[in-house]
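Inspection log for the structure reproduced underneath, given as structure tokens.
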Amino acid sequence: MKYSNFMEITFKALSVNEGFARVCVASFCVQLNPSVDEITDIKTAVSEAVTNCVVHAYPTSVKGDVILRCELEDDTVSITITDKGVGIKDVIKAREPFYTSKPSAERSGMGFTVMESFMDNVQVVSNSFGTSVTMTKKISSGLSAVVG
Amino acid sequence: MQIKSRVHKGVLYVLLCGELDEHTASYTRITLEEIFDKPDFKKVIIDLSELDFMDSTGIGVLIGRYKKLKSKDIPIYITNPSTHAEKIFKITGLYDIMPKIV
């Protein structure tokens, strides 16, 4: 029998919510019994994706929503972070290491590279109505907590 | 984020405590700039033993400070990074410009 569970939260694209988003996902994933390293990887990837929403998605002072959905299926975590912002003009370029659309703002341009390094798979879909980043990661000791 | 600093024998020791992300980046940047305005040091050692979390926004902040101090020929070194911080430093190549010291 497959184990599955999900949660979804919506919050305003403000930097103060980054820590909240990280902790929510980490708490939810605990049921798969991840290692400390795995949970830190996931928290970092979530932080990178939410930062992109906060910094880039809503360029005016009116900040929109960030929708964070976390799904667990057997031993795999799937996290989708969606905004309804301006979108990424060139996703391939944006995913290149050290590329930043805001070089003057001391951005490292390593957000997507960190997500790709810390998660097993990262998919980005973007258009002028917003951006959706889906990341998956298999938990090495997954399910022992929920089954045991 | 809390930042503590002291100068000892020409070395500026900086201790970063807490979480370094987009929310704390601005405060960290401004505070480090103020600390770096002190004239009495030739080397900076940033101690990360009490840094609980960092993402690539933190890397941007550190690189920015490196550029500022490079113009004064003052090197920055990193000490006591967590396994997690170390992983980010290796991915981003930060150790190439801010070597780790034990």
Side-chain angles (χ1 to χ4, degrees), chain A residues 11-23 25-26 34-58 63 66 81 94-119 122, chain B residues 1-3 16-36 46 48-71 76 78 80-98:
Chain A
F11 52 88
K12 200 170 180 178
L14 298 175
S15 65
V16 71
N17 288 329
E18 288 184 9
F20 166 72
R22 290 195 295 267
V23 170
V25 172
S35 67
V36 172
D37 282 349
E38 286 169 335
I39 212 77
T40 309
D41 287 354
I42 291 168
K43 283 173 74 176
T44 310
V46 167
S47 197
E48 299 292 354
V50 173
T51 297
N52 281 349
C53 301
V54 170
V55 175
H56 301 288
Y58 304 104
K63 298 298 180 187
V66 177
I81 292 166
R95 293 181 73 153
E96 286 176 6
F98 301 110
Y99 172 79
T100 174
S101 59
K102 295 188 174 184
S104 60
E106 292 189 353
R107 300 265 151 220
S108 70
M110 292 298 283
F112 279 119
T113 304
V114 169
M115 287 183 237
E116 287 163 0
S117 302
F118 286 18
M119 302 294 281
V122 178
Chain B
M1 170 62 73
Q2 199 181 357
I3 301 172
L16 301 184
C17 315
E19 300 192 325
L20 179 48
D21 64 2
E22 177 62 24
H23 189 57
T24 56
S26 181
Y27 168 79
T28 304
R29 189 178 293 122
I30 290 166
T31 306
L32 288 178
E33 285 294 296
E34 286 171 3
I35 293 169
F36 290 175
I46 299 180
L48 301 182
S49 59
E50 293 187 32
L51 190 69
D52 300 323
F53 179 84
M54 187 180 74
D55 60 17
S56 72
T57 301
I59 297 294
V61 172
L62 292 176
I63 291 173
R65 306 291 68 72
Y66 162 79
K67 286 178 178 172
K68 288 276 172 67
L69 288 185
K70 190 170 182 277
S71 60
I76 304 181
I78 299 290
N80 297 322
S82 64
T83 312
H84 163 66
E86 181 124 316
K87 206 167 164 183
I88 295 183
F89 289 164
K90 284 179 178 168
I91 293 166
T92 56
L94 193 84
Y95 281 149
D96 294 342
I97 59 171
M98 291 184 196

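Quick note on labels: first sequence line is chain A, next is B, and so on, each numbered from 1. Just so it is clear, the structure is predicted and the values come from calculations on it, not from any experiment.
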Check against side chain to side chain contact (heavy atoms under 4.5 Å, CB included), A:E18 and B:T57: CA-CA 12 Å; A:E18 288 184 9; B:T57 301; 5.7 Å; no
Heavy-atom side-chain contact between A:E106 and B:I63 under 4.5 Å: no
Flag side-chain contact, heavy atom, 4.5 Å: A:F118 against B:H84: yes
Are B:D55 and A:K43 close enough for a salt bridge, meaning some N to O gap below 4.0 Å? no
Picking from B:T24, B:T83, B:I88, which has the most non-hydrogen pairs under 4.5 angstrom with chain A? B:I88
Scored by heavy-atom pairs under 4.5 Å with chain B, the best of A:V114, A:T51, A:V54 is A:T51
Side-chain (A:S108) to main-chain (B:S56) donor-acceptor, under 3.5 angstrom: yes
If you count heavy-atom pairs within less than 4.5 Å of chain A, which of B:K67, B:R29, B:E19 leads? B:R29
Interface moiety of A:T44 toward chain B, non-hydrogen atoms closer than 4.5 Å: both
Considering all heavy atoms, the nearest A:M110-B:I91 contact: CE-O, 3.7 Å
Derivation of the side chain to side chain contact (heavy atoms under 4.5 Å, CB included) call for B:K87 and A:D41: CA-CA 10 Å; B:K87 206 167 164 183; A:D41 287 354; 2.9 Å; yes
Between A:N17 and chain B, with a heavy-atom cut-off of 4.5 Å, which part of the residue counts as in contact: side chain, backbone, both or neither? neither
Which distance, rounded to the nearest 0.5 Å, do you find between the NE2 of B:H23 and the OG of A:S47? 12.0 Å
Check: B:E22 side chain, A:V55 main-chain N or O, donor-acceptor pair, under 3.5 Å: no
